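Data block below; observations after.
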Amino acid sequence: MTRITTGLVAALFVVSSMAVASAQAPATPAPPAAPAKMKLNKQSLKDMKAKWSANKGKLKACRKDVKVKGLAGDDRWFYIEDCMAKS
């Protein structure tokens, strides 16, 4: 009986201290949401590739970075797009 009572008192103490701590914590603003990226379709990929083909050296370097980072799918294309936009 004593163990049960001690356990309940300890649990009550933990819960009440968590409630007080959360009430005292300053409200932090939510981080700004990242801009939503559209899904890519075949035509937009063709357009990107055509634009990038003018600078094959830079494209090769960007693709190497993608491979090192292990990106796949749309993340891969968005990374290449950002990489190619940098000067």
Side-chain angles (χ1 to χ4, degrees):
M1 183 74 150
T2 310
R3 278 193 249 172
I4 295 172
T5 305
T6 306
L8 289 174
V9 169
L12 182 62
F13 177 72
V14 169
V15 169
S16 64
S17 65
M18 288 175 55
V20 170
S22 67
Q24 293 176 351
T28 57
K37 294 191 175 181
M38 64 177 188
K39 281 287 193 182
L40 297 175
N41 57 29
K42 287 182 181 181
Q43 185 59 42
S44 63
L45 286 174
K46 273 185 171 180
D47 294 342
M48 280 189 226
K49 286 180 184 179
K51 185 172 66 174
W52 299 338
S53 66
N55 193 348
K56 291 186 186 231
K58 189 172 184 180
L59 180 58
K60 187 175 182 179
C62 291
R63 284 184 174 163
K64 187 176 181 181
D65 288 346
V66 165
K67 195 171 190 178
V68 168
K69 292 184 182 221
L71 298 175
D74 285 352
D75 291 336
R76 176 178 179 237
W77 292 109
F78 287 122
Y79 180 83
I80 292 174
E81 183 178 27
D82 292 340
C83 181
M84 293 297 289
K86 294 176 187 174
S87 50

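Keep in mind it's a predicted model, so treat the numbers as computed, not measured.
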So which of Y79, F78, W77 actually passes side chain to side chain contact (heavy atoms under 4.5 Å, CB included) with E81? F78
Nearest atoms (heavy-atom pairs only) where N55 meets M84: O-CE, 3.9 Å
D47 meets the side-chain hydrogen bond (donor to acceptor under 3.5 Å, both in side chains) criterion, sequence neighbours left out, with Q43
Pairing residues for K51 by the side chain to side chain contact (heavy atoms under 4.5 Å, CB included) criterion, not counting sequence neighbours: none
